[in-house]
Every structure is written in structure tokens, then in C-alpha cells.
Amino acid sequence: MDTAVTDHLLSTTRAVRRKLDLDRPVEPEVIAECLRLAVQAPTPGAAQSWRWLVVRDQEVRSRLGAIFREVGTAYMQRRREAAGAAAEQQPMKRILASGQHLVDVIERVPVFVIPCLQGRPHGDNAADSVFYGGIFPAVWSFQLALRSRGLGSTLTSYHLVKEAEAARILGIPDDVTQVGLLPVAYTTTQDFKPGTRQPVEELSYLDHWGTPLVS
Ligand SMILES: Cc1cc2nc3c(=O)[nH]c(=O)nc-3n(C[C@H](O)[C@H](O)[C@H](O)COP(=O)(O)O)c2cc1C
């Protein structure tokens with residue numbers, strides 16, 4: 001195992017919004033290749049209840065994009081208001097601009113991937129943890145596989161506010177749950193850096209809540 005390569009992949013796979021190449025087509029084969037890797041992820045009871053809806057058709061992307069923009073614009077507005085004066089200062093200014101950019105160009109992103117689960121969530125922690133845990137490890141593997149092939153994505157949740165409307169556009173049955181929407185494109189750069197994260201020392205414990213794992 002080449003740790004240098006895997007560590008680089010794991011630490012530099014970012015949510016890509018502004019560095020998506022909107023003009024370069026994405027062939028279905030590369031998406032299928034990444035999904036083949038994604039479905040190596042674990043599922044509870046090896047159930048493999050995941051389904052993956054890959055959208056390339058421009059008309060469908062435009063219709064989903066309209067939902068995405070409506071919900072995303074309202075969300076970004078709320079975030080700007082919540083940030084107050086900080087919205088005009090870095091790093092918040094950059095974060096908000098990145099989020100807004102994706103909302104602005106959404107239907108121009110060449111491929112949307114909508115990860116779905118067969119079934120509906122139950123509403124209690126144990127059951128829902130198992131339910132959603134049946135796909136999110138694979139979603140991240142998919143994003144890693146994209147990155148290693150020069151593509152980028154962001155896991156988004158905006159359109160879920162209008163999940164039923166999106167389901168009608170896509171022909172998704174009532175007993176299937178959409179868990180997000182990944183706009184996917186080749187990236188205009190490969191030069192991604194590790195993100196800013198809270199130190200592990202401050203958020204990991206040993207044996208008892210509050211006892212540092214490492215100090
Ligand atoms: C469950 C989940 C939902 C997310 N929803 C959105 C979203 O609706 N819109 C968006 O722009 N990013 C969304 N993101 C991406 C996060 O904003 C992003 O991962 C975070 O800002 C960290 O970015 P980084 O990994 O590039 O450091 C979501 C991420 C997760 C895990």
C-alpha cells in the first residue's frame with residue numbers, strides 16, 4: 001500500500017464547486033468505473049440497498065437544477081444573514097462565494113449523481129443510523145474514486161427539501177429515498193490542499209468522554 005498516495009487522496013479530496021470544468025463532457029464509463037469502486041463499501045448486513053441515478057440529459061438537469069437553485073439560494077441567503085459582518089471577511093467570504101457559485105451554475109454541471117436507498121427512514125436513531133449508513137461510506141468512496149481520476153464533486157442536500165418533486169421528474173418510486181445530489185465534472189486543477197479541520201486532539205477521547213486520546 002502506497003501510504004503517500006492514499007493519504008494524499010484522503011486529505012485532498014475537497015468539496016469542489018468553483019473548479020468544476022463545465023465545458024468538458026463526462027463519459028458514463030468513468031462514472032460506472034467509480035461506482036464499481038464505490039460499491040465495495042460496507043453495507044449493514046451486506047444488504048446493498050443502494051441505487052445510483054446518473055443524470056446527463058440537459059432537460060432533466062435543468063429541471064432538477066431549478067429545484068436546487070430555489071432551495072440553495074434561500075439557504076445561502078440564510079447563511080449570509082447568519083454570518084453577519086463575517087460574511088465580508090475570509091474565510092467566510094470564500095465559503096459563501098463557493099456555495100453560491102454552485103447554485104448559480106448547477107444545470108451546467110455535466111453530470112448529477114443521485115445516491116438512493118431502497119426503503120424509507122424510520123425516525124429512530126438506531127434504525128436511521130443503519131439506514132443512512134447503508135450508503136454514505138459508498139458515497140465518499142465514489143468521491144475519492146472521482147478525485148483519483150481527475151473529477152470532482154460535492155455532496156449536496158438542497159434538493160431533498162423537494163424530494164417528492166425530484167422523484168416525479170426522475171421516476172423514482174415512493175419507497176426509495178434520495179440521500180443527496182452530487183454534481184460531477186472534471187476539475188480545472190489537480191492542486192487541492194488539505195482542508196481546515198479542528199485538531200483531532202480536541203475531539204477524540206480515550207476510554208471515557210473527555211479524556212484526551214492523545215495530548
Ligand atoms: C451530508 C452532507 C451534506 C452536504 N450538503 C451540501 C449542500 O447542500 N451544498 C453544498 O454546497 N455543500 C454541501 N456539503 C458539502 C460540505 O459543505 C463540505 O463538505 C464542507 O464544506 C467541507 O468542505 P471541504 O471538504 O472541501 O473542506 C454537504 C456535505 C455533507 C457531508
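Everything numeric here is computed off the predicted structure, so don't read it as measured data. Scope of the values below: all heavy atoms of this structure, side chains included, with no hydrogens, waters or symmetry mates. Both counts, for ligands and for their atoms, begin at 1 and track the order of listing.
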- Scan side-chain atoms only and decide if H159 and E165 contain a donor-acceptor pair under the 3.5 Å cut-off. no
- salt bridge (charged side-chain N to carboxylate O under 4.0 Å, His left out) between R63 and E107: does it pass, once the steps are laid out? CA-CA 8 Å; R63 293 176 71 194; E107 66 278 273; over 6 Å; no
- Query: In terms of side-chain heavy atoms, does T187 have a donor or acceptor partner in Q190 at a distance below 3.5 Å?
  - Reply: yes
- Would you please test R120 and E163 for salt bridge (charged side-chain N to carboxylate O under 4.0 Å, His left out) and show each step? CA-CA 12 Å; R120 299 295 304 174; E163 184 188 5; 3.0 Å; yes
- Task: Return the protein residues near ligand 1 (heavy atom under 4.0 Å from any of its atoms), ordered by chain and residue number.
- Result: R14, A15, R17, T154, L155, T156, S157, Y158, R197
- Between R18 and S98, do the side chains contain an N or O donor and an N or O acceptor separated by less than 3.5 Å? no
- Item | For L151, the rest of its hydrophobic cluster, which grows through side-chain links under 4.5 angstrom | V26, V30, I31, L35, V39, W50, W52, V54, V111, V113, L117, F131, Y132, I135, F136, V139, F142, L146, L155, V179, L182, V184, Y186
